[in-house]
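For the single chain, residues carry numbers from 1 onward in sequence order.
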Amino acid sequence: MAEPSPLPFIYQFASGAIAGVSEILVMYPLDVVKTRQQLDSTNATKGTINCIRTIIKEEGVSRLYKGITAPILMEAPKRATKFAANDEWGKFYKNFFGVTAMTQPLAILTGATAGATESFVVVPFELVKIRLQDKTTKFNGMGEVIKDIIQKNGVLGLYKGLESTMWRHIWWNAGYFGCIHQVKSLMPKPKDNKQKILFDLTSGTIGGTFGTVLNTPFDVVKSRIQAGSSRYRWTYPSLAMVYKEEGFGALYKGFIPKVLRLGPGGGILLVVFTACMDFFRNFHDKN
């Protein structure tokens, strides 16, 4: 089946932005739970449901949406960059290697490169989000966090955790887009739009789940680095430290809420992104 002709960058960007915001509005409370569990080195925060109940009981329902402003502002450029960079890098690599269609190795390489690109956009937003989601936070909003970081560390302080964020996104995007390509190659050509949505939801969910399995350890250390602990500085030494002090299971703290979010969330992302691209493709062809 011939691949559709590429659309201008602005359509890719808009589609990614709409998809990202749609996903976070549905899944954000799970992100709060995931962060709480990743920052807990004492294993006091156990179980996704128990964590949600505890947060509601002790801090109120609104706490499940604490810090959502930063992710909402982040999601548009983050997801837009994810899909747009994946498309643009895909075109670059196909031209570079002299191939006309995407292959499994190219899908993985493209996804990894798109992830590295995406990380430069999301780091300041991720840093603010982590500081607000922390149970011990003293901040009430984005402005307070940004002001505190700049006063203490300067503007470059907003990029604390860039290296760990880059590894997190490289692994997730490589797994996500590589898996989607493989799953779709095993599926028949969709007979109608309903079946196409089902196939996209299925492949996106599988891709999101696989990407989460790959990148959760990197997400754990990223959260700790950005939370401000001086014990964690670089990704791979931090992985070794967590493993040595807390065991292998600690590298997957927050996995359940994370996979519950990014598994189905990956499906939502792909369905909404594809639907928006189809809409823009029809619009572009008519004009």
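The aromatic rings of Phe96 and Phe92 sit parallel, their planes meeting at an angle under 30°, below the 60° perpendicular limit.
The closest donor-acceptor contact from the side chain of Thr274 to the backbone of Val271 lies at 3.5 Å or more, if one exists at all. Formation of a donor-acceptor pair under 3.5 Å by the Gln104 side chain with backbone atoms of His181 is not found in this model.
The environment of CZ in Phe218 is crowded: more than 12 heavy-atom neighbours from other residues, nucleotides or ligands sit within 6.0 Å. When the shell of 6.0 Å around CG of Leu156 is examined, it contains 12 or fewer heavy atoms from other residues, nucleotides or ligands.
Residues Val242 and Arg224 are in side-chain contact: their nearest non-hydrogen atoms beyond the backbone lie under 4.5 Å apart. For the pair Gln195 and Met187, the minimum side-chain heavy-atom distance is 4.5 Å or more. No side-chain heavy atom of Phe210 sits less than 4.5 Å from a side-chain heavy atom of Asn215. The shortest distance between side-chain heavy atoms of Asp278 and Lys196 falls below 4.5 Å.
Between the CZ atom in Arg131 and the CD1 atom in Ile149 there is a gap of 5.0 Å [rounded to 0.5 Å]. Atom OG1 in Thr165 sits 11.0 Å away from atom NZ in Lys160 (nearest 0.5 Å). How far CE of Met102 is from CD1 of Ile180: 12.0 Å, rounded to the nearest 0.5 Å. Considering CG of Leu198 and NZ of Lys194, their distance stands at 9.0 Å, rounded to 0.5 Å. Remark: Lys138 NZ to Glu144 CD distance equals 9.5 Å, nearest 0.5 Å. Rounded to the nearest 0.5 angstrom, Met277 CE and Asn282 CG are separated by 11.5 Å.
Both Leu30 and Ile256 belong to a common hydrophobic cluster when Ile, Leu, Val, Met, Phe, Trp and Tyr are linked at side-chain heavy-atom distances under 4.5 angstrom. Hydrophobic cluster membership is shared by Phe255 and Tyr243, with clusters built from Ile, Leu, Val, Met, Phe, Trp and Tyr side chains linked at under 4.5 angstrom. When the side chains of ILVMFWY residues are joined at heavy-atom separations under 4.5 Å, either directly or via intervening members, Phe273 and Phe199 end up in two distinct hydrophobic clusters. The cluster map of Ile, Leu, Val, Met, Phe, Trp and Tyr, joined by side-chain heavy atoms under 4.5 Å apart, puts Val99 and Trp89 in the same cluster. Under the 4.5 Å side-chain heavy-atom criterion for Ile, Leu, Val, Met, Phe, Trp and Tyr, Phe139 and Leu158 are members of the same hydrophobic cluster.
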Side chains of residues 119-128: which donor-acceptor pairs under 3.5 Å do they make with residues two or more places apart or in other chains?
unit_1: Ser119; atom_1: OG; unit_2: Ala116; atom_2: O; d: 2.6
unit_1: Glu126; atom_1: OE1; unit_2: Lys222; atom_2: NZ; d: 2.8
unit_1: Glu126; atom_1: OE2; unit_2: Arg168; atom_2: NH2; d: 3.3

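Between Glu246 and Lys253 there is a salt bridge, since a side-chain N of the basic residue sits under 4.0 Å from a carboxylate O of the acidic one. Salt bridge Asp87/Lys91: absent, no basic N to carboxylate O contact under 4.0 Å. Taking a cutoff of 4.0 Å between a charged side-chain nitrogen and a carboxylate oxygen, Asp148 and Lys152 qualify as a salt bridge.
Closest heavy-atom contact between Ile225 and Ser238: CD1-OG, 4.3 Å. Across all their heavy atoms, Gln37 and Cys51 have their closest contact at NE2-CB, 4.2 Å. Across Ser15 and Phe280, no two heavy atoms sit closer than the pair OG-CD1, 3.3 Å. A pairwise comparison of heavy atoms in Cys179 and Ile206 identifies SG-CG2, 3.6 Å as the closest pair. In terms of heavy-atom proximity, Asn173 sits nearest to Gly115 at ND2-CA, 3.4 Å. The shortest non-hydrogen separation linking Glu163 to Arg233 is OE1-O, 4.4 Å.
No close placement of the Phe279 and Tyr11 rings is indicated, their centers lying 6.0 Å or farther apart. Between Trp167 and Tyr236, the ring centre distance stays below 6.0 Å.
With sequence neighbours excluded, no residue forms a side chain to side chain donor-acceptor pair (under 3.5 Å) with Tyr252.
When each of Thr212, Thr216, Asp219 is tested with Lys258 by the rule side chain to side chain donor-acceptor pair (under 3.5 Å), just one qualifies, namely Asp219. Applying side-chain contact (heavy atoms from CB on, under 4.5 Å) to Lys94 and the options Thr110, Thr103, Leu106, Thr100 leaves one that passes, Leu106.
Checked by atom type, the side-chain pair Tyr93/Thr113 shows a donor-acceptor distance below 3.5 Å.
Each side chain to side chain donor-acceptor pair (under 3.5 Å) pair with one or both residues in residues 201-210, not counting sequence neighbours, would appear here, but there are none.
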Could you go through the salt bridge (Lys or Arg N to Asp or Glu O under 4.0 Å) check for Glu59 and Arg36 one step at a time? CA-CA 13 Å; Glu59 305 169 55; Arg36 290 290 183 89; 2.9 Å; yes

